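Reminder, nothing fancy here: chain letters follow the sequence lines and each chain counts from 1. On a predicted model such as this, the values are computed, not experimentally measured, just so you know.
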Amino acid sequence: MSDEPAVENARKDFIREIIDEDLASGKHEGTVTRFPPEPNGYLHIGHAKSICLNFGIAQEYGGRCHLRFDDTNPTKEDTEYVDSIKEDVRWLGFDWGDNLYFASDYFEQIYEWAVHLIKEGKAYVDDQNAEQIREARGNLQEPGTDSPFRDRSVEENLDLFQRMKDGEFGDGEKVLRARIDMAHANMNLRDPVLYRIAHAHHHRTGDAWCIYPMYDFAHGQSDALEHITHSLCTLEFEHHRPLYDWFLDNLPVPSRPRQIEFSRLNLNYTVMSKRKLLQLVQENHVSGWDDPRMPTISGIRRRGYPAEAIRDFCKTVGITKFKGTNDIGLLENAVRQVLNKTANRYMAVLDPIKVTVTNYPEDQVEEMEAMINPEDPDAGMRKVPFCRDLYIEREDFMEDAPKKFFRLSVDKEVRFRCAYWLKCNEVIKDESGEVVELLCTYDPETRGGENPPDGRKVKGTIHWVSARHAVDAEVRVYDRLFSDEDPEGGEGSFLDNMNPDSLHLVENAKLEPCLADVGVGECVQFERLGYFAVDPDTTADRKVFNRTVPLRDSWAKKQKK
RNA sequence: AACUCCGUGGUGUAACGGUAGCACAACAGGUUUUGGUCCUGUUUGUCAAGGUUCGAAUCCUUGCGGAGUUGCCA
């Protein structure tokens with residue numbers, strides 16, 4: 001309720017302003033949008049922007065948003081992708097209801113419209129091959145030249161097109177082209193191809209067709225058939241709009257959609273093109289489409305990013321025609337913001353050093369009380385066992401500590417979160433000089449981590465785990481996949497810019513026992529470290545965690561300087 | 001000058017002729033049993049030049065810069 005005025009006053013992007021105008025002027029009575037993926041790959045965060053836009057508008061305006069698969073190219077498409085796309089849209093929190101469509105459902109109608117154009121003298125069958133057509137198209141400086149087949153009679157065109165459909169010709173032998181203007185400044189209007197021959201099995205229509213419409217000849221008409229009011233797409237389609245409109249002008253379509261283009265999402269340290277993502281998968285640079293380092297929806301889901309954070313992120317990047325690059329930090333910030341409110345806190349040690357509390361009774365174990373989430377008191381409390389044998393993070397101990405190091409050091413005292421204050425008295429090293437154990441003493445007057453009565457102060461609080469009760473787990477610590485801000489820039493392949501340390505595998509992390517009960521997919525905070533999600537690779541006897549995103553770390557930042 | 005589109009702090013995004021604001025980042029401080037969270041403050045911007053106007057990021061002109069377009073992909 002309280003955020004209603006905020007929604008009301010929310011600044012609208014130029015597309016929503018256009019919709020407002022169209023509603024105000026009576027041009028449309030409602031708003032119908034569509035999300036039109038081609039089922040030839042997995043959805044990525046860039047698609048999320050389009051999904052949030054299209055479905056978001058439908059929600060805000062009480063309209064509807066169709067999920068339509070743009071499946072006009074049978075050689076590249078597959079039902080595997082259809083299924084993953086549906087799952088991803090649903091996971092993002094959107095619902096297309098009964099409005100699930102396929103461009104291939106319209107093949108018959110689109111074919112009839114092609115015949116219509118032929119009858120009007122606005123389309124012709126061209127016998128030229130692909131190379132000849134390319135050469136005759138001219139270039140950006142020079143006009144194209146008419147095809148020698150451009151002036152065939154309507155009857156001949158009708159006959160030839162029928163025979164194309166009947167399978168009399170091989171792939172590439174003939175195409176159907178619109179008869180527009182071979183000298184047009186916009187290449188898309190230089191007699192664009194409408195239909196090509198492809199003796200290929202289609203994932204839905206099977207072998208019913210051997211001719212398939214091109215995107216341009218299918219998309220706008222599909223929009224019109226579905227009574228889409230606003231057809232939102234990315235900037236690359238801007239100079240296709242005149243063609244989009246040409247078909248609507250020259251065909252007896254049942255409605256008049258309007259195409260509006262906006263800038264696609266670009267993120268630094270990320271590649272977004274389907275081709276490159278496919279390459280990463282096929283060449284095994286990642287473990288699959290859902291590798292947690294991938295910008296795919298399935299990847300970021302597995303990584304632990306909440307859908308809400310993706311939606312928030314899409315809201316903050318906004319919709320414009322300006323082709324900019326967003327900072328990946330903005331996404332990570334959205335993730336932290338959601339997780340800070342929702343993630344349960346636990347303690348886990350990724351790189352353990354043993355700590356022995358020499359003055360703590362050998363046989364004693366105490367159940368320390370700890371908040372599950374300080375940001376959400378309703379989450380309640382949990383119990384964490386404390387005893388003489390503990391682990392702490394190697395990073396939290398330093399022998400020659402600088403003044404600003406607030407953690408454990410020799411003769412220094414620090415708070416063990418929710419437990420006691422401990423002082424390190426002695427360091428035990430192995431032959432190579434590596435620290436293997438710390439001998440510490442605890443102060444019984446600091447139980448629960450409370451301040452002692454004598455008024456002593458301590459600057460730091462560190463996390464720990466009982467060595468006797470710890471649960472072992474695998475933790476996959478991810479970093480960005482590319483070390484270069486613009487992986488696709490520069491001379492060589494984008495693969496040259498891959499971050500060699502994008503995955504750091506921790507085989508034997510030590511977890512507090514409560515963590516044994518966390519289910520697959522759940523994302524928790526390992527205190528002082530970051531957010532971690534339980535990976536599906538988890539088995540009955542071994543948990544696997546993915547690091548979703550680290551906590552902000554002003555100490556690390558200070559150290560770098 | 002083939003055509004089309006786009007230029008607001010470091011990044012992204014508002015301001016629709018009337019105080020250039022917000023988020024992220026950065027920096028400084030406060031709070032804190034997470035060097036987290038939270039709070040406060042600071043730095044940094046209208047591509048340029050003309051014009052219209054009492055008044056221009058906004059309208060006009062010119063220039064400059066960037067992107068896209070020559071698939072039987074979408």
Side-chain angles (χ1 to χ4, degrees), chain A residues 11-13 17 36-38 40 70-73 75-77 126 128-131 133-135 137-144 171-177 184-188 190 192-198 212 214-216 218-219 233-242 261 263 266 268 274-275 315-334 336-337 340-341 345 347 370-371 374-375 404-407 415-419 421 446 448-451 458-463 525-530 550-559:
Chain A
R11 297 188 178 95
K12 288 188 171 172
D13 52 72
E17 283 178 358
E38 183 188 14
N40 71 340
D70 226 332
D71 55 351
T72 56
N73 185 357
T75 61
K76 292 189 175 172
E77 295 149 7
D126 196 341
Q128 296 182 107
N129 63 34
E131 194 180 336
I133 288 178
R134 192 185 329 121
E135 277 168 17
R137 184 152 32 223
N139 57 43
L140 298 176
Q141 282 75 35
E142 295 162 19
D171 292 3
E173 279 183 34
K174 288 185 169 27
V175 288
L176 183 73
R177 292 229 258 168
H184 201 105
N186 182 339
M187 287 286 185
N188 292 122
R190 318 249 264 225
V193 171
L194 269 30
Y195 265 92
R196 75 284 215 188
I197 300 171
Y212 292 92
M214 300 290 291
Y215 163 85
D216 285 311
H219 199 88
C233 63
T234 46
L235 254 24
E236 315 86 86
F237 294 97
E238 204 152 23
H239 35 267
H240 288 247
R241 179 159 26 94
E261 311 85 14
S263 176
N266 293 302
N268 56 14
K274 274 189 191 175
R275 208 201 91 239
K315 208 170 288 172
T316 60
V317 301
I319 300 292
T320 65
K321 296 189 76 144
F322 177 67
K323 201 176 166 172
T325 301
N326 285 97
D327 193 335
I328 188 83
L330 204 56
L331 211 208
E332 292 173 346
N333 181 263
R336 287 196 191 96
Q337 212 168 311
N340 178 49
K341 294 277 183 287
R345 317 282 136 127
M347 289 193 284
M371 288 237 262
E375 300 297 314
K404 292 283 193 181
F405 185 80
F406 302 146
R407 309 175 187 183
R415 171 166 28 233
F416 277 41
R417 174 130 241 237
C418 304
W421 290 21
T446 58
E450 300 286 346
N451 292 354
V458 83
K459 283 287 251 188
T461 299
I462 66 173
H463 61 277
Q525 184 188 111
F526 291 173
E527 290 199 84
R528 302 210 307 132
L529 295 178
L551 251 30
R552 252 196 217 95
D553 189 348
S554 57
W555 166 244
K557 209 184 282 177
K558 204 171 281 185
Q559 271 186 310

What contact category does [X] fall into here, base, sugar-phosphate, or nothing, at under 4.0 angstrom with non-hydrogen atoms?
| X | result |
| --- | --- |
| A:Arg415 | base |
| A:Val175 | base |
| A:Asn129 | base |
| A:Lys404 | base |
| A:Gln128 | base |
| A:Glu261 | nothing |
| A:Thr75 | nothing |
| A:Phe526 | nothing |
| A:Glu238 | sugar-phosphate |
| A:Ile319 | sugar-phosphate |
| A:Tyr195 | nothing |

Taking OP1 and OP2 of [N], is either one under 4.0 Å from a side-chain nitrogen or oxygen of [X]?
| X | N | value |
| --- | --- | --- |
| A:Thr320 | B:rU13 | yes |
| A:Arg528 | B:rG35 | yes |
| A:Thr316 | B:rC22 | no |
| A:Arg137 | B:rG71 | yes |
| A:Thr72 | B:rC73 | no |

- [ ] Would you please test A:Gln525 and A:Leu551 for side-chain contact (heavy atoms from CB on, under 4.5 Å) and show each step?
- [x] CA-CA 9 Å; A:Gln525 184 188 111; A:Leu551 251 30; 3.8 Å; yes

Answer with yes or no whether [X] presents, from its side chain, a donor or acceptor under 3.5 Å of a partner atom in the base of [N].
| X | N | value |
| --- | --- | --- |
| A:Arg345 | B:rU34 | yes |
| A:Glu375 | B:rG36 | yes |
| A:Arg134 | B:rG71 | no |
| A:His240 | B:rA74 | yes |

Whole-Å distance between [N] [atom2] and [X] [atom1]?
| X | N | atom1 | atom2 | result |
| --- | --- | --- | --- | --- |
| A:Glu131 | B:rC72 | CD | P | 12 Å |
| A:Met347 | B:rG36 | CE | P | 18 Å |
| A:Asn266 | B:rU13 | CG | C1' | 15 Å |
| A:Glu450 | B:rU32 | CD | C1' | 14 Å |
| A:Glu142 | B:rA2 | CD | C1' | 11 Å |

To the side chain of [X], which of [options] is closest?
| X | options | answer |
| --- | --- | --- |
| A:Phe406 | B:rG35, B:rA23, B:rA74 | B:rG35 |
| A:Ile133 | B:rC72, B:rC5, B:rG35 | B:rC72 |
| A:Asp327 | B:rU34, B:rC73, B:rU11 | B:rU11 |
| A:Leu551 | B:rC5, B:rG36, B:rG35 | B:rG36 |
| A:Asn139 | B:rU70, B:rA74, B:rC5 | B:rU70 |
| A:Asn340 | B:rG36, B:rU8, B:rC72 | B:rG36 |
| A:Phe322 | B:rA74, B:rG7, B:rC5 | B:rG7 |

TODO: Look only at the side chain of A:Arg336 and the backbone of A:Pro550, and say whether a donor-acceptor pair between them is shorter than 3.5 Å.
DONE: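 Indeed, once roles are kept as given, a pair shorter than 3.5 Å links the two residues.
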
Pairs under 3.5 Å (N/O, protein and nucleotides 65-69 of chain B):
unit_1, atom_1, unit_2, atom_2, d
B:rA67, O2', A:Lys323, NZ, 3.1
B:rG68, O2', A:His239, NE2, 3.4
B:rU69, O4', A:His239, NE2, 3.0

TODO: For A:Cys418 and for A:Gly318, locate the closest nucleotide of RNA chain B by heavy-atom distance; then report the residue assigned to the nucleotide nearer the 5' terminus.
DONE: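 Result: A:Gly318.
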
TODO: Answer syn or anti for B:rG71, where the cut-off is 90° from 0 on the glycosidic torsion.
DONE: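 You should classify B:rG71 as syn.
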
Task: Salt bridge flag under 4.0 Å for residues A:Glu261 and A:Arg241 - done: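 Looking at A:Glu261 and A:Arg241, the cut-off is met.
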
Open item on the list: Stem finding on RNA chain B, please: runs of three or more consecutive Watson-Crick or G-U wobble pairs, both distances under 3.5 Å, sorted by first number.
Closed with: B:2-7 with B:64-69, B:10-13 with B:21-24, B:26-30 with B:38-42, B:47-51 with B:59-63

